[in-house]
Amino acid sequence: MNYRFSFFIGLAIAAVASSLDVKSIEVKPINDKWRFHYGFQAPDYEISDVTLPHTWNRKDALFGNKDYFRGLCNYSRKLPADLKSPGKRVFLKVNAAQTVADVFIDNHFVKQHKGGYTAFVTEITDFLTPGKESKLEIRVNNAPTMDIAPICGDFNIYGGLPRGVELIVTDPVCIAPDYYASPGVFFYPKKLDEKEATLDAVAHISSDGSVPLENYEVEFSVWDGDRLISKGMSKVNDATDPITVPVSIDKPRLWDGPSDPFLYKGRVELKKDGNTVDVREVPIGIRSFSADQNHGFFLNGKPHRLNGVNRHEDVSERASALTVEDHRRDVYIIKEMGCNAVRMSHYPQSEVFLNMLDSAGIASWVEIPFVNVYVNNPIYDENLKEQLKEMIYQYHHHPSVFAWGLFNEINSGWLDRPSKMVVTLDSIAHSIDPTRMTMGASNQNDDFNGFTDIIAFNKYFGWYGGDPSELGAWLDGEHSAHPERKIGMSEYGAGGSVLQQSEDLVKPEPWGHWHPENWQTKYHIDSYRQLAERDYLWCNFIWCMFDFCAASRNEGDTPGRNDKGLVTYDRNTRKDAFYFYNANWNKEDKFVHIAGKRQPYSGDTMTVMAFSNDGAGELYVNGIKFGKADPDNVNVLTWENVPISPGTVIEVRTKYATDTLTLP
């Protein structure tokens, strides 16, 4: 099975001093009172007030404008006069800045960060003057560049500060907030069996050198609710080396996916003379993930096919500047459909979203934005490596993360070959985190398909050419040609507009403006029927959960929109294909859904198709029983030659559910 041992923890990224009444550290969100303008400088009448999260492309990039603004903008605000006080250090944390961010305080350069989807932290203590307000500026630039990933992509690269900013105030000695912008504490797995789980608890300490360290120690503890499970302590002898202490959990309860996403609580406290001066609290999820080339995916040693969706961090009206409620709503819809996995395409997404997936037991695929193009530029190479390191350290402690994504559809048609870069990234990922697998998403036959631990494919038979029926044969051919590889489906899908309906079932032109919903429904039924019967696949990820914006597209009912989502961009309408997967993946919430309610009907008869996770259904026409249908192997119920006329009421009843269609 090539079992990869991996049990890990989910980590709340912010210090939780308030919950423990620790006075020595304070986390202060600073998302209000920002002043914003385009360009390097601007007159007062062009400067506006904004609140974070914020993107300046909220309006110009949503409807097919290929020339949406990609350039330099400036965010500024005042920092309070009492922010710096004797014996305190101040750090700035930017949770994301797309794409390059330059930080200034009172016109002094502080730091530059390259990469729009990971956080960065920098200490600003020495730039502040006690008793004096300071001006913080973050100059952000999302201009296209050839040395920062992503160079390009079939999605919008929204400029701005889309995940908020915060200040962290600490004592001279603290748990390092600037260790790759991670929480500074890690729990590394050592052993897992039914009797015991053992971990190495690690804390990175930061000191400004102003005080001796002999009175400091670190205490690590693990809790089941309010019950102490394990505890260990260590003196702080040197702030340059991490502190490591073994901890253990007897008879561990596993993080077991949606059925039981159980989390322990870990606590790491930095103490001086016995008093806590800094603390992190972490939810610990113990589990193992593995994959096999013939038997698919396993969670905790049990078969666990990953039935998932791709998701872009993009929502109507707000673009990439999602609120907590936006993330919560997305997770709700994903859970409703019955998914047990999400791929964050094609970049690391908000830790708010990851925390929710941890708690829901939904496995997460996180990947760096190494998308489409590789250019053999040493600066670009270094940026890819740095973004990978940041992603792994920052997302390391989310138990839902099962593997690290290294690439998506990298183009081998260029003279510069990406293979060597994939090998390098794979090595870095394994050196930082030997407990998780690496993976890639490919749309071509190339050597790098075999370089990662697992591989998945983006294939659109029946949309971009061909027919949905070709998918199974292609997969079998790939499995036969490379029997050693663990393969899955990372993308498959078809456009579908709820505003475009056709009585005929005819494959549309993918680049055209006619994307009738019923072809999308047929596409998914035919494709999933083949995927479900192939046990060697470790995953099937639908492209995609929600419609999203891609300014270069001009297709379907809206310019600049990729309409392959199973839910509309505003999240208000679930398409028929959503209910098809709902019937196959959600076994708990019994329902039946009649497909084609938005579709026109003519003639004297029709075929009624319904999706249900509730077994056989009875069809009633104007209250009169027509007949019973049993679900097929993908939970589709069908009645042929059903008599209709204008105003006919069609009703499908299962044991626990009913759905109705009234013809116009």
Could you check Phe578 against Met337 for side chain to side chain contact (heavy atoms under 4.5 Å, CB included), going step by step and ending with a plain yes or no?
CA-CA 7 Å; Phe578 172 94; Met337 200 173 84; 3.4 Å; yes

If you take the centroid of each ring, where Trp contributes its six-membered ring, are [Y] and [X] closer together than 6.0 Å?
X	Y	value
Phe297	Phe402	yes
Phe541	Trp365	yes
His524	Phe580	no
His346	Tyr117	no

Please determine, by modelled atom types, if Asp358 and Ser400 share a side-chain donor-acceptor pair under 3.5 angstrom.
yes

Do the side-chain N and O atoms of Asn57 and Asn142 include a donor-acceptor pair separated by under 3.5 angstrom?
yes

About how many Å separate [atom2] of [Y] and [atom1] of [X], when rounded to the nearest 0.5 Å?
X	Y	atom1	atom2	result
Ile432	Ile392	CD1	CD1	4.5 Å
Trp538	Ser290	CH2	OG	12.0 Å
Met421	Tyr380	CE	OH	9.0 Å
Met545	Leu566	CE	CG	5.0 Å
Leu475	Leu531	CG	CG	6.5 Å
Asn340	Lys335	CG	NZ	13.0 Å

Whether [X] side chain and [Y] backbone form a donor-acceptor pair below 3.5 Å:
X	Y	answer
Gln387	Thr118	no
Asn562	Ala550	no
Arg311	Val342	no
Gln394	Ala119	yes
Trp519	Ala494	no
Ser359	Met356	no
Asp102	Phe109	no
Arg534	Gln530	yes
Asn74	Gly39	no
Thr55	Gly159	yes

Ignoring hydrogens, what is the shortest heavy-atom contact between [X] and [Y]? Give both atom names and the distance.
X	Y	value
Asp453	Met437	OD2-CA, 3.3 Å
Gly116	Ala96	O-CB, 3.6 Å
Gly115	His113	O-CE1, 3.1 Å
Tyr347	Pro369	CB-CB, 4.2 Å
Cys549	Asp314	N-OD2, 3.0 Å
Pro468	Asp526	CB-CB, 3.7 Å

Looking at Arg485, Lys486, Lys459, which hits salt bridge (charged side-chain N to carboxylate O under 4.0 Å, His left out) with Glu478?
Arg485

Please state whether the rings of [X] and [Y] are parallel, tilted or perpendicular, taking 30° and 60° as the class boundaries.
X	Y	answer
Tyr536	His479	parallel
Phe370	Tyr374	perpendicular
Tyr158	Tyr68	tilted
His312	Phe548	tilted

Pairs involving residues 491-500, ordered by first then second residue, that meet side-chain hydrogen bond (donor to acceptor under 3.5 Å, both in side chains) (sequence neighbours left out):
Arg343-Glu491, Asn458-Glu491, Tyr460-Glu491, Tyr492-Tyr581, Ser497-Asp557

Mark yes or no: Arg571 above the aromatic ring of Phe546, with NZ or CZ under 6.0 Å from the six-membered ring centre and no more than 45 degrees from the axis.
yes

Do [Y] and [X] meet the salt-bridge criterion of a basic N to acidic O distance under 4.0 Å?
X	Y	value
Arg163	Glu351	no
Asp563	Lys575	no
Lys507	Asp467	no
Lys420	Asp381	no
Arg574	Glu336	yes

Hey, mind stepping through Leu322 and Phe353 against side chain to side chain contact (heavy atoms under 4.5 Å, CB included) and telling me if it holds?
CA-CA 10 Å; Leu322 276 65; Phe353 186 63; over 6 Å; no

Residues Leu425, Lys385; criterion side chain to side chain contact (heavy atoms under 4.5 Å, CB included); working and verdict:
CA-CA 6 Å; Leu425 295 173; Lys385 291 186 282 188; 4.1 Å; yes

Qualifying residues under salt bridge (Lys or Arg N to Asp or Glu O under 4.0 Å), relative to Asp535, sequence neighbours excluded:
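In terms of salt bridge (Lys or Arg N to Asp or Glu O under 4.0 Å), with neighbours along the sequence ignored, Asp535 is linked to no residue.
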
Near Tyr332 OH, under 6.0 Å, is it more than 12 heavy atoms from other residues, nucleotides or ligands?
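Counting other residues, nucleotides and ligands, OH of Tyr332 stays at 12 neighbours or fewer.
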
Answer yes or no: are there more than 12 heavy-atom neighbours, outside Gln112 itself, under 6.0 Å from its atom CD?
yes

Could you go through the side chain to side chain contact (heavy atoms under 4.5 Å, CB included) check for Asn31 and Glu166 one step at a time?
CA-CA 8 Å; Asn31 294 324; Glu166 60 195 31; over 6 Å; no

Looking at side-chain heavy atoms only, is the closest gap between Asn372 and Asn411 below 4.5 Å?
no

How about Tyr528 and Asn307: do any of their side-chain heavy atoms sit closer than 4.5 Å?
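The answer is yes, as the side chains (C-beta and beyond) meet within the 4.5 Å cut-off.
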
Mind checking ring pair (Phe, Tyr, Trp, His ring centres under 6.0 Å) for Tyr75 and listing every partner two or more places apart, or none if nothing turns up?
Phe36, His54

